[in-house]
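Positions are given from 1 along the sequence.
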Amino acid sequence: MFEKILIANRGEIACRIIRSARALGIATVAVYSEADAGAQHVLMADEAVLIGPPAVARSYLDAQRILDAARQTGAQAIHPGYGFLSENPAFVDAVQAAGLVFIGPSADSIRAMGLKDEAKRRMQAAGVAVVPGYHGAAQDVDTLAAEAARIGFPVLIKARAGGGGKGMRRVERAEDFAAALAGAQREGQSSFGDPACLIEKYVTSPRHIEIQVFGDQQGNVVYLFERDCSLQRRHQKVIEEAPAPGMTPAMRSAMGEAAVRAARAIDYVGAGTIEFIVDGSDGLREDRFYFMEMNTRLQVEHPVTEAITGQDLVAWQLRVAAGEPLPMQQHELAIDGWAFEARLYAENVDKGFLPATGQLTHLRFPAAVRIDSGVVQGDRITPYYDPMIAKVIVHGPTRAAALNQLAWALGQTEVSGSVTNLAFLERLCRHPGFARGEVDTGLIARDLGWLTEKPALAPMALPVAALAVHGLLVAATDDPPADPWQQADGWSLWAPHRQQVRFVHEGELVQAQVSTLAAGRHEVRIGDGPGVTLRVRFLPDGGWRVDDGQGQQTVRVLMTRETVTLFIGERVLVIGRVDPLAVSTDEATATDQLVSPMPGLIKMVAAGAGDAVSKGQVLVVLEAMKMEHSLTASRDGEIAEVMVGVGTQVEEGHVVLALKPLPETK
């Protein structure tokens, strides 16, 4: 076994690898960029080496700096995690040329599966069914458009070197094909250095089911059952589960054996995942699953497989890379219960799931479930890397029990300092079709309106907000001031103390009157509405128990100079403190400016000064966190000025162009 390994990655997966290495008595070396100097993986590792500035091309993708760090620290092997250099065969060659062990498959295996078109040809030769499509070398738009027409719309354009939803476009009509192809090619070039694409028939009721495979250096290959990853938005996974709903023993055996054939066909060693697209229009049938691609690395969603098998897949990776045989044979592996994983991201659901940034001023997870994370309270989500905050993983005896546990765990999770998809994930857990196991890759898109509805505001929410803004929900102490005049409980002599309170909720100014009737008992009136009496009691865990006479609710309060954040029921309320010096912005003027909703790189400017544009027209394409985002006109008008060009790096709120009304025609 190795004595020391270097982890060529960051964030939650680096922390995850460190935990398994520790359990095996292996010392770890972290690498980090200047932006990650205080990151958790750096603090957890036994040693850490700075490898460059924040840009990934000059740090986590700089193979030479990583190899230098391994030699400098005496590491014997390199674990790539996922993403970055994990599926780069040239890096594997360089690692081995340096006399080190790459904890993963061979460079030849990665090359065999690295390009989707070549991988599909290999799979067909190995007797594994593939989706009908075009995987040829010709890449001109006319050829690809003709092939799409031959296959029949809808089709899926996929960057042949792609992954993670990048370089992927669904096209419903022939007239939309050229623009979609151009976008996929740009993303493929930007993310993988390869603009080539392939075309596939889009399966109308698709399910994304993948098989975890594992091979060793002795030629043994096993499959550790399936994961259903059908809950996706924009081709990126949101919630994964294992096993797959509706899976039969015969179907599982057929898919598992096909996955093992695929792995054997390329002499695969280590952890890998064979991804299948399954036609679920008539249930799960053994003749309706098709090879999609192979991920020659550990998957983000590997914890659900660990949960149902009781195995540590990272430990398996380390042991196999050290030359040991697989820890278990196929007949020894079994499924125990059900598991789910939800990906908690810093992203703005209301703005089309745009990645977000910010400092995590408050972060709290329930202790009863597994949390894989690379951040803690106080850490910052930066624009340089993937905005994942954590993976919430649960395991239960049945699917219903595990799903209930996931919903509960998400409801107990608290995040402040950045917008997140937390409420969206909670809503998804309560989707009736998902609860019944009726999943496919189109579920989120079909029901996006329902899934993004905000939960109803609890009747006591705004009154509680008024108490918090007024300073009546501050943390209690074990030793309160002896002087009653120093106690912030709202008490006053002879008559109840009344105070006018003003705050901002969802852009609206709220007027409230707070009257303190006794210690821990207050009457609150919102606007001209009736008064409500609230009894509040401080809890040992730092929260408050609020009773409005009709029921009780636990509330947690986080206060800053500008805002008060309330975690109450299913809602997170961010209440703005009123600044009397704030200047309001005229809404009509605001719509004349197109601003960047996030930090990013301008990839395309589709209009110039003087051009007439219509509402909803794509004017600018912004690349952020390796994904393209279209910025559209908010109304009809004429371009007054363009402030950016292709290649411009912009920050959140940067004005990219200005509109003016169309000239009047006589």
request  = Please list, chain by chain and in numerical order, all residues satisfying ring pair (Phe, Tyr, Trp, His ring centres under 6.0 Å) with F291, sequence neighbours excluded.
outcome  =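 Here no residue qualifies.
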key: Donor-acceptor contact present, side-chain H431 to main-chain L428, <3.5 Å   =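 No, H431 side chain to L428 backbone: no donor-acceptor pair under 3.5 Å.
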ask   = Counting N and O atoms only, with roles assigned by atom type, does the side chain of D216 sit under 3.5 Å from a partner on the main chain of L326, one being a donor and the other an acceptor?
value =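 Indeed, once roles are kept as given, a pair shorter than 3.5 Å links the two residues.
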Between [Y] and [X], is there a salt bridge with N-O shorter than 4.0 Å?
| X | Y | answer |
| --- | --- | --- |
| K237 | E275 | yes |
| R261 | E257 | no |
| R343 | E301 | yes |
| R19 | D372 | yes |
| R227 | E240 | no |
| D312 | R16 | yes |
| R169 | E187 | yes |
| K158 | E293 | no |

task = For the pair F84 and Y60, name the ring-plane relationship: parallel under 30°, tilted 30 to 60°, perpendicular over 60°.
result =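 Parallel: the ring planes of F84 and Y60 meet at under 30°.
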request  = Dump the intermediate steps for salt bridge (Lys or Arg N to Asp or Glu O under 4.0 Å) on R71 and D68, then the final yes or no.
outcome  = CA-CA 5 Å; R71 282 191 287 262; D68 289 345; 2.8 Å; yes
query = Hey, are D108 and S106 close enough side-chain-wise for a donor-acceptor pair under 3.5 Å?
reply =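 No, D108 and S106 have no side-chain donor paired with an acceptor closer than 3.5 Å.
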ask   = Would you say the side-chain atoms of R234 and Q232 include a donor-acceptor pair closer than 3.5 Å?
value =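 Note: R234 and Q232 side chains miss the donor-acceptor criterion.
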inquiry  = salt bridge (Lys or Arg N to Asp or Glu O under 4.0 Å), that's the test. Do R111 and D93 meet it? Break it down for me.
reply    = CA-CA 11 Å; R111 288 189 180 96; D93 287 336; 2.6 Å; yes
task = Kindly confirm or rule out a cation-pi arrangement of R399 over F434, judged by NZ or CZ under 6.0 Å from the six-membered ring centre and within 45° of its axis?
result =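 Yes, R399 sits over the ring of F434.
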ask   = Does anything in residues 202-222 pair up under ring pair (Phe, Tyr, Trp, His ring centres under 6.0 Å), and if so which pairs, sequence neighbours excluded?
value =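 Sorted pair list: F214-W316.
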